[in-house]
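Notes to accompany the following structure.
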There are 2 protein chains.
Amino acid sequence: MNGNELDERKTTILKAIIRNYLETGEPVGSRTISKYTDLNLSSATIRNEMSDLEEMGYILQPHTSAGRIPSDKGYRFYVDQLMAERDHEVSQMKEFVIEQTEKVDRVLQQVAKLLAVNTNYATMVTAPQGNHGKVKFIQLSNVDEHHILSVVVLDGNLVKNKMITVEEPIDNEDMLKLNMLLNTSLTGLSIPEINLGTIAILKEKAGIHSQVVSDVLDGVAEAISEGEDLQIYTSGVTNFLKYPELSDSERASELLHTFEEKQELVNLITDKLGDENSTGIQVYIGDESPIQTMKDCSVVTATYELGEGVKGTIGIIGPKRMDYENVMDNLKSLKSQLDDILKKAKET
Amino acid sequence: MNGNELDERKTTILKAIIRNYLETGEPVGSRTISKYTDLNLSSATIRNEMSDLEEMGYILQPHTSAGRIPSDKGYRFYVDQLMAERDHEVSQMKEFVIEQTEKVDRVLQQVAKLLAVNTNYATMVTAPQGNHGKVKFIQLSNVDEHHILSVVVLDGNLVKNKMITVEEPIDNEDMLKLNMLLNTSLTGLSIPEINLGTIAILKEKAGIHSQVVSDVLDGVAEAISEGEDLQIYTSGVTNFLKYPELSDSERASELLHTFEEKQELVNLITDKLGDENSTGIQVYIGDESPIQTMKDCSVVTATYELGEGVKGTIGIIGPKRMDYENVMDNLKSLKSQLDDILKKAKET
DNA sequence: ATTAGCACTCTAATTCATCGAGTGCTAACA
DNA sequence: TGTTAGCACTCGATGAATTAGAGTGCTAAT
């Protein structure tokens with residue numbers, strides 16, 4: 001139960017088994033390891049060690065006379081080792097060609113795709129979330145007799161608009177006043193600070209055309225608070241079909257469904273075991289995942305940040321025998337780049 | 001080669017074969033038909049007829065001693081018959097609960113999902129497309145020193161906005177003038193009417209702060225014309241896995257990929273054989289489909305309209321043995337309902 | 001402590017026989 | 001002349017039996 005129950009040789013062998021299994025997806029036998037490693041041990045010796053490893057729960061046999069495959073505990077050990085090692089060279093992601101002028105959602109969709117293509121696993125990316133800054137600017141305009149357009153600009157130049165339908169028009173003068181009022185009272189406030197109370201007070205202040213003004217303010221309130229729901233972009237879901245252990249109809253169908261619905265994927269980012277390790281990278285192996293349908297998968301997530309607590313998540317979902325090393329490198333690399341791109345985009 | 005090469009009995013038998021195959025997915029034999037129909041014919045007689053039908057190309061044998069399955073020509077005959085029949089009772093789609101307040105894209109996504117659930121096939125819905133009406137209202141606002149927000153409202157109250165970054169600020173007075181100019185010169189024009197020439201003229205007219213104004217106008221032009229790319233919403237792609245004839249790894253992977261990319265799906269709506277039949281419903285069987293990966297599928301598309309040439313497309317993609325009748329009913333029903341919903345939403 | 005060697009186990013692949021649904025054809029029948 | 005009964009034949013699907021081979025555990029020798 002303590003951290004050092006594995007001596008060096010067992011560690012080497014375990015790693016060799018896992019690495020080999022990652023490549024082939026087939027149970028690996030003693031003979032293979034005997035050749036694969038530079039330990040110069042015979043298959044018999046390996047067999048003994050493997051027997052031990054099995055007893056300790058790091059590997060298991062699918063059936064009596066097959067080779068061994070890593071157990072969840074084995075994978076966990078492996079991943080923890082990887083995490084502990086000094087950072088790998090972060091191989092620059094090749095040709096990250098995204099014109100910055102495109103909208104954020106395009107960028108994120110692109111990122112998801114790029115990552116999927118690069119890793120051959122399914123990917124998900126969530127839009128940056130959090131206190132989207134403060135209100136910077138508000139404007140109401142008469143569009144026609146029955147429609148008023150409200151535009152709200154938030155810090156980070158995020159624009160929201162909402163068309164408000166009104167019974168009777170508001171004349172230009174009153175509109176000017178309303179605009180003044182809105183800007184002076186709301187500018188600088190963050191969204192959570194603007195609650196129903198604030199709106200109520202506003203309504204009172206502007207109380208002239210009770211009904212119309214009330215409608216308009218409700219509209220503004222809605223404009224401000226809406227769209228806060230989490231957008232999730234996915235890509236590469238067909239990659240599941242590339243791995244035999246996931247591609248049987250039953251499993252594949254469930255997985256694909258989860259990705260299509262997206263709803264459940266939220267759990268991958270809200271869950272967040274408290275354990276914030278140095279890199280901000282989380283790995284869920286098999287049953288560790290908060291999503292039931294992924295019990296035969298591994299999930300690697302990373303959080304990217306835009307400062308001020310505005311965060312998003314990137315996730316890669318693949319078979320348990322995923323190439324953790326490559327995946328984590330990709331994520332690390334992406335994390336920083338995404339940071340850059342979005343910060344720039346934000347200013348545009 | 002003429003329309004009447006099939007006598008009544010052959011027609012009945014062919015229909016019976018197809019209908020049976022739609023249900024079971026298994027080749028159907030003479031004995032089955034003999035019982036299935038009320039023709040009171042022995043299996044031997046049926047066999048003779050089937051032999052004829054095969055020779056004529058309406059059905060075929062997967063291998064020598066199996067039953068028959070419909071050929072593409074057979075399916076074609078069947079759906080043409082269906083189309084010709086007086087409209088079926090359009091079974092009202094149950095509980096079409098969509099709050100109208102939601103954004104159009106939400107509605108469409110919902111529609112896609114609903115349809116997928118109802119039919120058990122994969123579905124796609126495109127956003128209404130076409131001359132999105134004329135420009136109704138334009139407004140530029142100073143957000144901060146280096147950012148100007150341009151808001152354009154189109155007929156149908158479609159709002160577009162774009163943040164324009166400028167080197168030096170424009171003072172309020174000039175801004176007012178610019179707004180006036182923009183509104184007087186562009187309001188009432190439709191998007192295609194606003195070309196580069198128009199913008200050039202505008203630039204000249206407003207020529208005061210050459211550079212800044214130029215930047216701003218470019219921004220406006222971009223805001224107006226952008227976002228014209230076709231959005232496609234899909235749902236129910238996992239349904240492919242329900243049909244054995246489509247669910248082998250190879251095919252399924254291709255299909256799912258096509259749906260994930262969405263790009264190619266555009267062909268389903270641009271293609272449009274000229275033949276506008278009464279219902280506006282198109283059926284592509286097998287190779288008739290403009291998309292290669294769907295050569296083992298059937299595709300049924302319908303066009304919905306919001307008047308003024310604003311159109312969108314709904315598509316259902318499933319195995320060739322899809323339940324054409326049900327699918328077409330669903331589409332017809334949806335077509336009208338979608339019409340209503342969107343028209344209302346448009347006014348909101 | 002390591003290893004060679006051997007008996008043993010279990011899966012995957014292969015072969016083979018069998019079954020049965022379905023056909024085509026012929027001859028009898030109304 | 002159209003319909004049907006009957007029969008021989010075809011061919012995939014099913015399942016049992018066999019085999020091949022990878023891998024193990026154990027024992028005895030080094």
Side-chain angles (χ1 to χ4, degrees), chain A residues 6-14 16-21 23-71 74 244-245 247-248, chain B residues 5-14 16-21 23-71 74 244-245 247-249:
Chain A
L6 291 179
D7 60 28
E8 191 168 349
R9 199 167 75 179
K10 282 198 171 49
T11 305
T12 314
I13 293 175
L14 178 53
I17 293 174
I18 296 184
R19 238 177 255 134
N20 196 288
Y21 183 69
E23 275 177 34
T24 65
E26 299 289 312
V28 12
S30 52
R31 184 113 193 297
T32 313
I33 298 301
S34 160
K35 284 182 298 183
Y36 198 76
T37 61
D38 43 5
L39 287 175
N40 277 334
L41 292 175
S42 79
S43 60
T45 314
I46 305 288
R47 274 204 289 285
N48 291 329
E49 295 288 28
M50 282 169 99
S51 189
D52 292 353
L53 283 171
E54 178 163 13
E55 203 174 346
M56 291 188 247
Y58 288 99
I59 54 181
L60 41 84
Q61 277 181 298
H63 56 260
T64 322
S65 77
R68 308 300 215 287
I69 64 176
S71 67
E245 65 265 49
S247 72
D248 69 287
Chain B
E5 60 179 346
L6 290 180
D7 59 31
E8 189 167 350
R9 198 169 76 179
K10 281 197 171 52
T11 305
T12 314
I13 293 176
L14 178 52
I17 293 174
I18 296 184
R19 238 178 254 132
N20 197 289
Y21 183 70
E23 275 177 34
T24 65
E26 299 287 312
V28 12
S30 52
R31 186 111 192 298
T32 313
I33 299 302
S34 160
K35 284 182 298 184
Y36 197 74
T37 61
D38 42 5
L39 288 174
N40 277 334
L41 291 176
S42 79
S43 61
T45 314
I46 303 288
R47 273 204 288 286
N48 291 329
E49 295 288 28
M50 282 168 100
S51 188
D52 291 352
L53 284 171
E54 178 164 12
E55 203 173 346
M56 291 190 249
Y58 288 99
I59 54 181
L60 40 84
Q61 276 182 298
H63 55 260
T64 320
S65 76
R68 308 300 215 286
I69 63 176
S71 67
E245 66 264 51
S247 73
D248 70 288
S249 246

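Throughout, a chain's letter reflects where its sequence line sits, starting with A, and its residues are numbered from 1.
- Nearer to the 5' terminus of DNA chain C, by closest-nucleotide assignment, is the contact made by Asn40(A) (compared with the other of Asn40(A) and Pro27(B)).
- With rounding to whole Å, Glu55(B) atom CD is found 11 Å from dG24(C) atom P.
- Of the side-chain N and O atoms in Arg47(A), none sit less than 4.0 angstrom from OP1 or OP2 of dA4(C).
- The base of dT24(D) does not come close enough to the side chain of Ser65(A) for any donor and acceptor atom to sit less than 3.5 Å apart.
- With a 4.5 Å cut-off on side-chain heavy atoms, Thr32(A) and Ile46(A) do not count as touching.
- Listed pair Thr64(A) / dT24(D) fails the phosphate criterion, with no side-chain N or O lying under 4.0 Å from OP1 or OP2.
- Across all strands shown, Ser30(B) has heavy atoms under 4.0 Å from sugar-phosphate atoms exclusively, and none from any base.
- The OH-P distance, from Tyr36(A) to dA22(D), rounds to 19 Å in whole Å.
- Listed here is the closest heavy atom pair of Ile17(A) and Arg68(A): CG2-O, 4.3 Å.
- Between Asp52(A) atom CG and dT2(C) atom P the separation is 11 Å, expressed in whole Å.
- If you take CZ of Arg68(A) and C1' of dA22(D), they are 13 Å apart, rounded to a whole angstrom.
- Between the CZ atom of Arg9(B) and the C1' atom of dG2(D) there is a distance of 8 Å, given to the nearest Å.
- Rounded to an integer number of Å, the gap from CD of Gln61(A) to C1' of dT9(C) is 10 Å.
- Glu245(A) has its side chain out of reach of Ile69(A): every pair of non-hydrogen atoms, C-beta onward, lies at least 4.5 Å apart.
- The CE atom of Met50(B) sits 16 Å away from the P atom of dT4(D) (whole-angstrom rounding).
- In this model, the phosphate group of dT4(D) is approached by a side-chain N or O of Ser42(B) to a distance below 4.0 Å at OP1 or OP2.
- With dT4(D), dG23(D), dG24(C) as the choices, the nucleotide that has an atom nearest any side-chain atom of Thr32(A) turns out to be dG23(D).
- Along DNA chain C, the nucleotide closest to Gly67(B) and the one closest to Ala44(B) are compared, and the more 5′ of them pairs with Gly67(B).
- Here dT24(D) presents its P atom at 10 Å from CD1 of Ile46(A), a figure rounded to the nearest Å.
- The phosphate of dT4(D) (OP1 or OP2) has no side-chain N or O of Ser43(B) nearer than 4.0 angstrom.
- Arg9(A) is listed as a side-chain neighbour of Leu41(A), based on a closest heavy-atom distance under 4.5 Å.
- The shortest distance between side-chain heavy atoms of Leu6(A) and Tyr58(A) falls below 4.5 Å.
- Toward the 5′ end of DNA chain D lies the nearest nucleotide of His63(B), the other residue of the pair Arg31(A) and His63(B) mapping further downstream.
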